[in-house]
Number of protein chains: 2
Amino acid sequence: MNTVQGARARARAEVTAAIKDEARRQLAADGAAKLSLRAVARELGMVSSALYRYFPSRDDLLTALIVDAYDAVGEAAEEALAQQRPDASPAARWTAVCRAVRTWALAHPHEYALIYGSPVPGYTAPEATVVPASRVGLVLISIARDAHLGKGVAPPKPPARLLAEGERMAADFAPDLPPAVAVALVAAWAQLFGLISFEAFGQFHRVVEEREAFFTHAAEQLARAVGLVLPA
Amino acid sequence: MNTVQGARARARAEVTAAIKDEARRQLAADGAAKLSLRAVARELGMVSSALYRYFPSRDDLLTALIVDAYDAVGEAAEEALAQQRPDASPAARWTAVCRAVRTWALAHPHEYALIYGSPVPGYTAPEATVVPASRVGLVLISIARDAHLGKGVAPPKPPARLLAEGERMAADFAPDLPPAVAVALVAAWAQLFGLISFEAFGQFHRVVEEREAFFTHAAEQLARAVGLVLPA
DNA sequence: CCAAAGCAAGAGCACTGCTCTCGTGCGCGT
DNA sequence: ACGCGCACGAGAGCAGTGCTCTTGCTTTGG
């Protein structure tokens with residue numbers, strides 16, 4: 001008994017991981033649309049029906065890959081933040097995290113498409129995905145909160161009804177964040193992924209050539225919009 | 001001879017349109033992944049092989065739908081611009097166009113996903129899609145150009161290499177647009193679709209409730225970022 | 001030590017995209 | 001106006017898919 005859990009459970013975990021690995025390979029090679037349970041099983045030397053002992057359906061396999069992808073990009077963001085020097089400015093932290101997310105997306109376009117492209121399984125994201133999906137957002141929130149705990153430049157005040165929304169959002173996610181910053185932050189969050197998606201999905205083809213410089217500059221402007229840049 | 005083209009060609013055009021209509025229906029109902037040539041043919045009372053006389057492959061059908069979707073959203077944008085009063089400010093025009101695009105996207109989520117979600121056919125967008133795909137961009141460009149022909153507020157100057165990129169972009173698309181405005185415009189363009197995609201794809205679930213007010217406010221900030229808002 | 005539970009394997013169903021062949025009827029050019 | 005040709009629809013068929021069910025074997029825990 002050299003294992004804390006039974007050998008059975010361990011074998012199951014290993015096979016499950018092998019399936020996900022092979023699925024990820026096929027995903028990276030041909031995209032989500034062409035991911036085939038039978039092909040995965042074939043490549044693993046097992047028969048297709050055996051695979052259903054591990055994933056009840058193709059969508060469940062995809063959901064597992066989605067969760068892993070959210071975790072991977074979330075980890076990339078957290079790591080980028082952790083590697084910042086203690087004296088780094090909020091804007092510098094913000095830009096570094098944005099660049100890390102972009103780098104991950106460009107390195108794993110199909111996995112990125114899985115999570116930030118069209119929702120492929122039947123329309124409603126499974127509940128299991130919401131926690132990993134929020135990791136990047138939490139990183140951005142923490143940067144903004146640190147910045148505005150010191151002194152930040154408040155973004156333009158939104159209209160009253162939106163400001164109330166901002167208070168609700170702040171109450172939910174970051175108690176001590178000014179409401180106006182909260183709504184600016186959510187907007188910047190969505191806009192960040194707009195920039196990344198357009199680049200990853202080829203919309204910048206023949207439009208933007210200096211992609212890295214362009215993105216960095218845009219990310220810095222986003223930091224400004226959230227009020228992370230101190231006036232000179 | 002009541003038709004300029006032969007009856008044969010006309011019948012062909014009608015069947016082609018019927019196929020696209022039915023395909024669009026199934027697209028709206030079940031999404032692109034479940035769009036099936038055989039089901040379309042079945043619904044139209046023909047056998048599946050007959051459909052291949054009109055579209056050489058499933059991807060070709062999807063491409064046709066993509067082109068139509070680009071045209072539809074482009075037309076929505078152009079119409080929104082055309083309906084602006086002559087004395088409307090550039091910022092008001094910008095916001096109106098943004099709202100029109102958003103409205104179209106929310107009304108046709110699956111078609112929107114087809115063009116601004118993950119690229120589903122084999123990775124490279126067919127050449128035929130690039131012209132219709134640029135219609136929304138052209139509308140935004142025209143607004144920015146009109147604004148800066150008068151006097152606009154220049155966006156922050158990007159670094160030198162990006163400024164050169166801006167000059168190239170301006171030369172390609174809008175000869176008389178300041179380079180800094182060009183790069184801000186492209187960024188705002190991508191960010192606009194980031195906002196819309198996040199809402200359409202459910203990323204704002206339990207995050208943003210006042211979606212319309214939120215979007216309008218974000219679009220106005222985008223107008224500011226492009227330099228469309230005059231100082232008070 | 002044996003029953004129970006987990007597992008792989010195979011056959012099979014309904015469906016998909018796509019190809020090929022084969023008549024037939026309609027539109028077109030003469 | 002007529003007949004030829006070709007575009008078209010129909011059908012069978014292939015390879016592949018997701019998923020289910022039954023059948024045995026192996027492992028595990030009481």
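Order of the sequence lines sets the chain letters (A, B, ...), proteins ahead of strands, with each chain counted from 1. Keep in mind that the numbers below use all heavy atoms, side chains included, and drop hydrogens, waters and symmetry copies.
Rounded to an integer number of Å, the gap from CG of A:D59 to P of D:dT17 is 16 Å. As rounded to whole Å, 14 Å separates atom C1' of D:dG18 from atom CD of A:Q26. Distance A:R58 CZ to C:dC15 C1': 14 Å, rounded to the nearest Å. The distance between atom NZ of B:K34 and atom P of D:dG18, rounded to the nearest whole Å, is 13 Å. Rounding to whole angstrom units, CD of residue B:E14 and P of C:dG27 are separated by 12 Å. C:dC7 atom P lies 11 Å from atom CD1 of A:I19, rounded to whole Å. Between the CG atom of B:L61 and the P atom of C:dT16 there is a distance of 14 Å, given to the nearest Å. Between the CG atom of A:D60 and the P atom of D:dT20 there is a distance of 11 Å, rounded to whole Å.
Residue B:E127 qualifies as open at atom CD: its count of foreign heavy atoms under 6.0 Å is 12 or below.
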Evaluate the salt bridge (Lys or Arg N to Asp or Glu O under 4.0 Å) criterion for residues A:E199 and A:R211: first the C-alpha distance (whole Å), next the side-chain angles of each, then the deciding distance (0.1 Å), finally the verdict.
CA-CA 8 Å; A:E199 181 171 355; A:R211 310 245 164 109; 5.1 Å; no
Going through the checks in order, is the side-chain hydrogen bond (donor to acceptor under 3.5 Å, both in side chains) test met by A:D60 and A:S57?
CA-CA 5 Å; A:D60 288 273; A:S57 82; 2.7 Å; yes
Run the salt bridge (Lys or Arg N to Asp or Glu O under 4.0 Å) test on B:R168 and B:D172 for me, step by step, so that the C-alpha distance in whole Å, both residues' side-chain angles and the decisive distance to 0.1 Å come before the verdict.
CA-CA 6 Å; B:R168 194 189 47 69; B:D172 284 0; 3.3 Å; yes
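The aromatic rings of A:F198 and B:W189 stand perpendicular to each other, their planes meeting at an angle above 60°, with 30° marking the opposite boundary.
Scanning residues 43-54 of chain A for heavy-atom distances under 4.0 Å to DNA chain D yields A:S48, A:S49, A:Y52.
Nearest nucleotide to the B:S36 side chain, out of C:dC18, D:dC6, C:dT16: C:dT16.
Projected onto DNA chain C by closest heavy-atom contact, A:R12 and B:L35 fall at different nucleotides, the more 5' of which corresponds to A:R12.
With A:I196 as reference, A:F215 is the one residue of A:F201, A:F215, A:W104 to meet the side-chain contact (heavy atoms from CB on, under 4.5 Å) rule.
Between A:S197 and A:Y112, the side chains place a donor N or O and an acceptor N or O closer than 3.5 Å (distance only, hydrogens not considered).
Distances shorter than 4.0 Å separate none of the side-chain N or O atoms of A:R38 from OP1 or OP2 on D:dG18. For the OP1/OP2 pair of C:dT16 and a distance below 4.0 Å, the side-chain nitrogens and oxygens of B:R42 include at least one atom meeting the criterion.
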